[in-house]
*Asks:* 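Have a look at the structure that comes next, please.
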Amino acid sequence: MKIKFAILVFTFFGMVSSFAQKSKKVIPIAPKEIFVSDLLSKMTLDEKIGQLNLPTSGDITTGQANSSNIAKKIEEGKVGGLFNIKSVQKIKEVQRIAVEKSRLKIPLLFGMDVIHGYETTFPIPLGLSSSWNMDLIKRSAQIAAQEASADGINWTFSPMVDISREPRWGRVSEGSGEDPYLGSQIAKAMVHGYQGDDLSKNNTILSCVKHFALYGAPEAGREYNTVDMSRIKMYNEYFPPYKAAVEAGVGSVMASFNEIDGIPATCNKWLMTDVLRNQWNFKGFVVTDYTAIPEMSEHGIGDLQTVSALALKAGIEMDMVGEGFLTTLKKSLEEGKVTLAQIDNAVRLILNAKYDLGLFQDPYKYCDLERAKTEIFTQSNRTEARKTARESMVLLKNKNQLLPLKKSGTIALIGPLADAKENMAGTWSVATKQENSVSLLAGIKAVVGVSAKIVYAKGSNLDDDAALEERATMFGKTLHRDSRTKEELLNEALIIANQSDVIVAALGESAEFSGECSSRTNLEIPKVQKELLQALLKTGKPVVLVLFNGRPLVLNQENETVPAILDVWFAGSEAGLAIADVLFGDENPSGKLTITFPRSLGQVPIYYNHKNTGRPLDNKDGVFEKFKSNYIDERNEPLFPFGYGLSYTTFEYSNLKISSAKISLSETLKVTVDIANTGNFDGKEVVQLYIRDLVGSVTRPVRELKGFQKITIKKGEKQTVTFQITAEDLKFYNADLQFVAEPGEFEIFVGSNSNAELKTLFELGQ
């Protein structure tokens, strides 16, 4: 048996070099455990440590991969994967170095931040989550995987599932909002979308859930900052989406930059081993974030050798860019600070992933030049992106049914985001060809055609501060700053505004005003844009605010003065067309907020599933009461609550019923509610179910989302929606971190947002 296997392995390594040139047949190899164990036994210590090294590629030019700085390390077996290298031609050249010039011919992983699409770009994740449509979200990941894999990528650093109630934090744009239940459903959908049901297929890619853990709760909302919270809060509110991704079979996990209990996540053994491996049974590998290992020295944990050893022992398998493993692990092994078993375990997990991806059978499986020509940025993919973008948009206000607009008359489109195609894809759109995105101006012209006259003026720059605008338009996402004075820009806008029948004001943030390291201390629309908006309102013309943003903004003035507000986030490469579809009623908006919009920065953090206090403010009018939990200068409640979003039609909820007033731990409660479309348009509605555990061994949130369904109802029709509640839905982590459902009374609320008023009561027995 051993002789036969040795021949098989020898045959494999002998065939790899000629494989790319001659045959498309899959190389037969031994089962994973046998194959990986045999390969591991052949590796030198340097080659083992090399598998744990993930450098960035730099700018490798096609035809020059052999002479790049990284080529020598690949030949020497000192690289396990590369990231941020784009195009199948470049990747094929680099893979050839690994499988034809290195001693053991071990193929490389190729990773990229494929966050919300590849070249066909979908809405930013916060916008995508606002669709509440798991099928569309999963499909967006499938299309991203299809395009990325066609271009040579086999690993994505997505999804980001960090719960965040912190709108100052720029990366709130990259997550799915504030709720652990919804975040968990989205995490599963994204993982299944990327990885499919078979990673050996060439149109699926390895997913990496991030950032483990708690990255979305930094002090002061400042990027990379300290996070400090109780373990009961971790388990009940912040851990669920990571755990859901693990249960969905995610192949890799990325450690977060922040510390947890005073220990950076990157060397936190409790987090990486006790929780991730032992409690959740994670079987994949863990990669650091960019240079996270050497950065631990800045945390005050030790020098590079010390922190590298701590990371390995904690449960980190791959070192992104830091090269702490590559340069220090050999010395640490000699000094007894790490063991060979720890190194071997890390290598095995990475080789397992390469095996699961089918790279040992076909190292060039992601290097088909024909796929790259025919499967990227296709019309069908763009159609899907447009459809998804429509459902992500949230109608915040629509006084006197100003929307949808008519395709007639003269429409003035004004604002710094109106003709800004480079910004439509939003942050973290690294593979997007921004020049191919559709601006709002182009989208409106395409949708309206010759039926209406469209006039345009910029109206203002993004901000009066040119330096701030430059920081907010990085990575080629320029807004083409206008050198005219703000008075000149405003006057031009007012001239066309006065000639129009309706004004569409495209205002808000630029794409890079949110994203990594784009924290803000002011959550309002920039002052110069607010002044533009108020001037447009003074013309007496009806004004629609099309709001571009990557986070919740404070919109008190806008909500008081503007008749219609449509939050479009950053809707992707087809943004302009999708926004126009909604503005003119070709699509009825159905998005719902997945994160709370505050009235004031001083309310932050603000979120719907908070705990009660011993002195709650019970009046619903927001009137200040001394010695109650409230503000002296602001109401308690948000401007727009979690789950909120209007439609062009109206929905009426009634007849909330439950199948029993009491259920046992083994029984299922059926909840039904009727929803009628009482307006003049067909529409989609997100029906939301919340529960409240009235008495617990530890304090429980005032409400928790436990179910939702997105349904389509024609005007004049009524539907009955059914939910199933079991004891599993009522479980939480108690003071001993045991996951339990405690008998007692529970309230159920059903409605269109987290302020749902229809309610009933049931009891959970033994």
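Keep in mind the model is a prediction, meaning the values are calculated, not measured. We're numbering straight along the sequence, starting at 1. Side-chain atoms are counted along with the backbone in the values below, which use heavy atoms only and exclude waters and symmetry mates.
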*Asks:* Angle between ring planes, Y355 versus F35, binned at 30° and 60°: parallel, tilted or perpendicular?
*Replies:*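 Y355 and F35: tilted rings.
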
*Asks:* Should the pair R348-D344 be classified as a salt bridge under the 4.0 Å nitrogen-to-oxygen rule?
*Replies:*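 Answer for the salt bridge query: no.
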
*Asks:* Got a sec, which residues hit side chain to side chain donor-acceptor pair (under 3.5 Å) with T327, two or more places apart in sequence or on another chain?
*Replies:*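 Result, side chain to side chain donor-acceptor pair (under 3.5 Å) vs T327: none returned.
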
*Asks:* Checking the side chain of K365 only, and the main-chain atoms of L357 only, is there a donor and an acceptor separated by less than 3.5 Å?
*Replies:*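 A pair under 3.5 Å: yes.
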
*Asks:* Output yes when a side-chain donor or acceptor of Y194 lies under 3.5 Å from a complementary backbone atom of V250, and no otherwise.
*Replies:*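 Not at all, since once roles are kept as given, no pair shorter than 3.5 Å links the two residues.
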
*Asks:* Tell me, with the steps shown, if T44 and D46 meet side chain to side chain donor-acceptor pair (under 3.5 Å).
*Replies:* CA-CA 5 Å; T44 66; D46 286 337; 5.3 Å; no

*Asks:* Give me the atom names and distance for the closest heavy-atom approach of L333 to L45.
*Replies:*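 Closest approach of L333 to L45, heavy atoms only: CD2-CD2, 3.7 Å.
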
*Asks:* Would the F110 and Y366 ring centres measure less than 6.0 Å apart?
*Replies:*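 No, the ring of F110 stays outside the 6.0 Å limit from the ring of Y366, centre to centre.
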
*Asks:* Not counting sequence neighbours, list each pair that qualifies as a ring pair (Phe, Tyr, Trp, His ring centres under 6.0 Å) and has a residue in residues 257-287.
*Replies:*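 For residues 257-287: W155-F285, F212-W280, Y224-F257, F239-W280.
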
*Asks:* Side-chain contact test, heavy atoms from C-beta onward, threshold under 4.5 Å: evaluate it for E237 versus M229 and give yes or no.
*Replies:*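 No, too far: nothing below the 4.5 Å cut-off.
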
*Asks:* For N84 and M112, indicate whether the former's side chain and the latter's backbone hold a donor-acceptor pair under 3.5 Å.
*Replies:*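 Side chain of N84 to backbone of M112: no pair is present.
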
*Asks:* Nearest 0.5 angstrom please: E516 CD to R171 CZ, how far?
*Replies:*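 These two atoms lie 4.0 Å from each other.
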
*Asks:* Checking side-chain polar atoms at under 3.5 Å, does S149 have a donor or acceptor matched by the opposite partner on R371?
*Replies:*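 Distance-only check passes for S149 and R371.
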
*Asks:* How about E335: does its CD atom have over 12 heavy atoms from other parts shown lying under 6.0 Å from it?
*Replies:*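 Atom CD in E335 is packed in, count exceeds 12.
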
*Asks:* Below 4.0 angstrom, N of the basic side chain to O of the carboxylate: do K373 and E370 qualify?
*Replies:*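 Looking at K373 and E370, the cut-off is met.
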
*Asks:* Using atom types as modelled and distance alone, determine if a side-chain donor or acceptor of H116 lies under 3.5 Å from a backbone N or O of F122.
*Replies:*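 Flag set: sc H116 to bb F122 pair under 3.5 Å.
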
*Asks:* If you look only at pairs with a residue in residues 312-322, which of them pass as a salt bridge (Lys or Arg N to Asp or Glu O under 4.0 Å), with sequence neighbours excluded?
*Replies:*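 Sorted pair list: R277-E317.
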
*Asks:* Roughly how far, to the nearest 0.5 Å, is CD1 of I91 from CG of L82?
*Replies:*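 The CG atom of L82 sits 9.0 Å away from the CD1 atom of I91.
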
*Asks:* For residues L54 and V287, report the shortest heavy-atom separation together with the two atoms involved.
*Replies:*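 Minimum heavy-atom contact is CD2-CG2, 3.9 Å.
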
*Asks:* Please tell me if the side chains of Q185 and I137 come closer than 4.5 Å, counting only heavy atoms from C-beta onward.
*Replies:*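 They are not in side-chain contact.
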
*Asks:* Any donor and acceptor pair, going by atom type alone, linking the side chain of T273 with main-chain N or O of A314 inside 3.5 Å?
*Replies:*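 Between the backbone of A314 and the side chain of T273 there is a qualifying donor-acceptor contact (under 3.5 Å).
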
*Asks:* Give the ring-plane orientation class for W169 versus Y215, where under 30° counts as parallel, over 60° as perpendicular and anything between as tilted.
*Replies:*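 Taking Y215 first and then W169, their aromatic rings stand perpendicular (interplane angle over 60°).
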
*Asks:* I want to check something: taking the side chain as every heavy atom from C-beta on, are L329 and L52 in contact at a cut-off of under 4.5 Å?
*Replies:*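 Answer yes - side chains close enough.
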
*Asks:* Considering only heavy atoms from C-beta outward, does the side chain of I124 approach that of S173 to under 4.5 Å?
*Replies:*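 In contact.
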
*Asks:* Under 3.5 Å, is there a donor on one side chain and an acceptor on the other for S519 and E223?
*Replies:*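 No pair is found: no donor N or O on one side chain lies under 3.5 Å from an acceptor on the other.
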
*Asks:* More than 12 heavy atoms of other residues, nucleotides or ligands under 6.0 Å from CZ of R222: is that the case?
*Replies:*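 No - once you tally the heavy atoms of other residues, nucleotides and ligands closer than 6.0 Å, there are 12 at most.
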
*Asks:* In sequence, state the C-alpha distance, the side-chain angles, and the governing distance for I343 and L312, and then conclude on side-chain contact (heavy atoms from CB on, under 4.5 Å).
*Replies:* CA-CA 8 Å; I343 294 173; L312 180 72; 3.8 Å; yes

*Asks:* Under the side-chain contact (heavy atoms from CB on, under 4.5 Å) rule, what do V161 and I186 come out as? Steps first, then yes or no, please.
*Replies:* CA-CA 8 Å; V161 302; I186 293 172; over 6 Å; no

*Asks:* I need the L199 CG to D356 CG distance, nearest 0.5 Å.
*Replies:*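 Output value for this atom pair is 6.5 Å.
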
*Asks:* Where is the tightest heavy-atom contact between A292 and T266, given as atom of each residue plus distance?
*Replies:*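 The pair with the smallest heavy-atom distance is CB-OG1, 3.6 Å.
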
*Asks:* V275 and M234: side-chain contact (heavy atoms from CB on, under 4.5 Å), yes or no, with the steps?
*Replies:* CA-CA 11 Å; V275 175; M234 294 181 201; over 6 Å; no

*Asks:* Pick from P363, C367, S87: which one makes a side chain to side chain contact (heavy atoms under 4.5 Å, CB included) with K92?
*Replies:*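 The option that passes is C367.
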
*Asks:* Just how far is it from atom CG of L104 to atom CE of M43, taken to the nearest 0.5 Å?
*Replies:*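 It comes to 6.5 Å.
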
*Asks:* Are the side chain of S37 and the backbone of I34 linked by a donor-acceptor contact shorter than 3.5 Å?
*Replies:*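 Judged by distance alone, no pair lies under 3.5 Å.
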
*Asks:* Taking all non-hydrogen atoms of both residues into account, name the closest pair between T291 and V321 and its distance.
*Replies:*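 For T291 versus V321, the nearest heavy atoms are CG2-CG1, 3.6 Å.
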
*Asks:* Check whether S332 reaches the backbone of V338 with its side chain - one donor and one acceptor, N or O, closer than 3.5 Å.
*Replies:*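 No, S332 side chain to V338 backbone: no donor-acceptor pair under 3.5 Å.
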
*Asks:* Side-chain donor-acceptor pair under 3.5 Å between T432 and T121, yes or no?
*Replies:*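 Per modelled atom types, T432 and T121 side chains form a pair under 3.5 Å.
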
*Asks:* Would you check if the side chain of Q361 reaches a backbone N or O of G358 as a donor-acceptor pair within less than 3.5 Å?
*Replies:*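 Not at all, since once roles are kept as given, no pair shorter than 3.5 Å links the two residues.
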
*Asks:* Give a yes or no on this: more than 12 heavy atoms of other residues, nucleotides or ligands lie within 6.0 Å of atom OH of Y181.
*Replies:*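 More than 12 heavy atoms, drawn from other residues, nucleotides or ligands, come within 6.0 Å of this atom.
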
*Asks:* Scan side-chain atoms only and decide if D162 and Y238 contain a donor-acceptor pair under the 3.5 Å cut-off.
*Replies:*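 Per modelled atom types, D162 and Y238 side chains form no pair under 3.5 Å.
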
*Asks:* Would you check if R139 and I143 make a side-chain contact, meaning some heavy-atom pair closer than 4.5 Å?
*Replies:*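 Yes, close enough: below the 4.5 Å cut-off.
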
*Asks:* Given 3.5 Å as the limit, does a donor-acceptor pair link the side chain of K48 with the main chain of V347, or not?
*Replies:*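 Flag not set: sc K48 to bb V347 has no pair under 3.5 Å.
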
*Asks:* Would you name the heavy atoms of G50 and L326 that are closest together and state the gap between them?
*Replies:*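 Scanning both residues completely, I find the closest heavy atoms to be CA-CD1, 4.3 Å.
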
*Asks:* May I have the step-by-step check of side-chain contact (heavy atoms from CB on, under 4.5 Å) for F360 and I106, ending in yes or no?
*Replies:* CA-CA 7 Å; F360 288 113; I106 300 173; 4.0 Å; yes

*Asks:* Regarding K78 and E323, does a basic nitrogen lie under 4.0 Å from an acidic carboxylate oxygen?
*Replies:*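 Here K78 does not pair with E323 in a salt bridge, since their nearest N and O are not under 4.0 Å apart.
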
*Asks:* Among Q738, K243, Q279, which one satisfies side chain to side chain donor-acceptor pair (under 3.5 Å) with Y235?
*Replies:*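 Among Q738, K243, Q279, the one meeting side chain to side chain donor-acceptor pair (under 3.5 Å) with Y235 is Q279.
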
*Asks:* Taking the side chain as every heavy atom from C-beta outward, state whether Q195 and T204 have any pair of such atoms under 4.5 Å apart.
*Replies:*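 SC-SC contact between Q195 and T204 ruled out.
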
*Asks:* Would you compute the distance between atom NE2 of H299 and atom OG of S297 and round it to the nearest 0.5 angstrom?
*Replies:*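 If I round to the nearest 0.5 Å, the distance is 10.0 Å.
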
*Asks:* A side-chain contact here means heavy atoms from C-beta on lying under 4.5 Å apart; do I115 and M160 qualify?
*Replies:*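 When only atoms from C-beta onward are counted, M160 and I115 do not touch, as no gap falls below 4.5 Å.
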
*Asks:* Under 4.0 Å between a Lys/Arg side-chain N and an Asp/Glu carboxylate O for K731 and E728?
*Replies:*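 Here K731 pairs with E728 in a salt bridge, since their nearest N and O are under 4.0 Å apart.
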
*Asks:* Could you tell me the separation between the CD1 atom of I263 and the CG atom of L271, rounded to the nearest 0.5 Å?
*Replies:*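 Output value for this atom pair is 10.0 Å.
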
*Asks:* Ignoring hydrogens and geometry, is there a side-chain-to-backbone donor-acceptor pair from E47 to G77 under 3.5 Å?
*Replies:*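 Checked: no pair found.
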
*Asks:* Taking all non-hydrogen atoms of both residues into account, name the closest pair between S158 and S207 and its distance.
*Replies:*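 So the minimum-distance heavy-atom pair works out to O-OG, 2.7 Å.
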
*Asks:* Within a strict 4.5 Å, meaning less than it, do heavy atoms of the L128 and S140 side chains meet?
*Replies:*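 The answer is yes, as the side chains (C-beta and beyond) meet within the 4.5 Å cut-off.
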
